[in-house]
Amino acid sequence: MADSSKPSSSETFRSLFKRWVITTLAVAFLVASRMVDGIRYDNLEALLLATLSLSLLNLFIRPVLLLLSLPLLLLTLGLFTWVINAGLLLFVGRLISGFHVDDFGSAMWGALVISVISVVLNVLTGGTRVKASFVAAPSAGAGPSAGRRKIDSDGDGPVIDV
């Protein structure tokens, strides 16, 4: 029996490709509108190569960096993620000739703008999936779990009752 909650390889590829396109649009928008001084590109090829590199780094290296910096992430309530994103953007600027990130400050602002634009584009294109479930209140006079009904809004799996 196949588990319908696990995405197929084509769905995974489609999701990764969609995120790459969104990141490309975010970076292109960032650079084209000159929102951040200190980030620029020489040609479209360099921009596309930079976004591909940034996407690959975000896919493979970023999770390792997030795991290694977990204490800092907890201490800063997740804001250290911004520093990691800026470091990766700065690294791409050093790695790809034709894509330039002048300094860490530019990378910080660039990472912020790219993150905000990516979130907005993901929400607008349905790249994020939000699932809500509702639990009915217990009936009066019953025990803590009596009368609780779990309602699964889309019928695709169990609902976790916390």
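Being a predicted model, the structure only gives us computed values, none of them experimental. The residues of the chain are indexed from 1 along the displayed sequence.
Considering Ile84, Val64, Leu74, Val83 as possible partners of Ser69, the one that fulfils the side chain to side chain contact (heavy atoms under 4.5 Å, CB included) test is Ile84. Among the candidates Leu77, Thr76, Thr81, the single residue satisfying the side chain to side chain contact (heavy atoms under 4.5 Å, CB included) test with Leu79 is Thr76.
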**OP:** Test side-chain contact (heavy atoms from CB on, under 4.5 Å) on Val92 and Phe99 and set out the steps.
**Re:** CA-CA 8 Å; Val92 168; Phe99 184 77; 4.1 Å; yes

**OP:** Take Leu47 and Leu44 through the side-chain contact (heavy atoms from CB on, under 4.5 Å) test and state the conclusion after the steps.
**Re:** CA-CA 5 Å; Leu47 177 63; Leu44 186 60; 4.1 Å; yes

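No chain of hydrophobic side-chain contacts below 4.5 Å, direct or via other Ile, Leu, Val, Met, Phe, Trp or Tyr residues, connects Leu70 to Leu75. Grouping the Ile, Leu, Val, Met, Phe, Trp and Tyr side chains by contacts below 4.5 angstrom, directly or via other members, places Ile114 with Leu59.
The line from CG of Leu89 to CG of Leu112 is 11.5 Å long, rounded to the nearest 0.5 Å. To the nearest 0.5 Å, atom CD1 of residue Ile96 and atom CG of residue Asp42 are 12.0 Å apart. Atom OG in Ser53 sits 5.5 Å away from atom CG in Leu95 (nearest 0.5 Å). For the atom pair CG of Leu52 and CG of Leu56, the computed distance is 4.5 Å after rounding to the nearest 0.5 Å.
Ser115 approaches Asn85 most closely through the heavy-atom pair OG-ND2, 3.7 Å. What you find for Leu90 and Ala107 is that their closest heavy atoms are CB-CB, 4.0 Å. A pairwise comparison of heavy atoms in Phe91 and Leu57 identifies CD2-CD1, 3.6 Å as the closest pair. Looking at every heavy atom in both residues, Asp102 comes nearest to Arg94 through O-NH2, 3.6 Å.
Atom CG of Asp37 has 12 or fewer neighbouring heavy atoms from other residues, nucleotides or ligands inside a 6.0 Å radius. Counting non-hydrogen atoms of neighbouring residues, nucleotides and ligands closer than 6.0 angstrom, the CZ atom of Phe17 reaches no more than 12 such neighbours.
Put simply, the side chain of Trp82 gets close to the backbone of Met108: a donor and an acceptor are under 3.5 Å apart. A distance-only check finds no donor-acceptor pair linking the side chain of Arg62 to the backbone of Ser55 [under 3.5 Å].
In the model, Ser106 has a side-chain atom that pairs as donor or acceptor with a side-chain atom of Asp103 under 3.5 Å.
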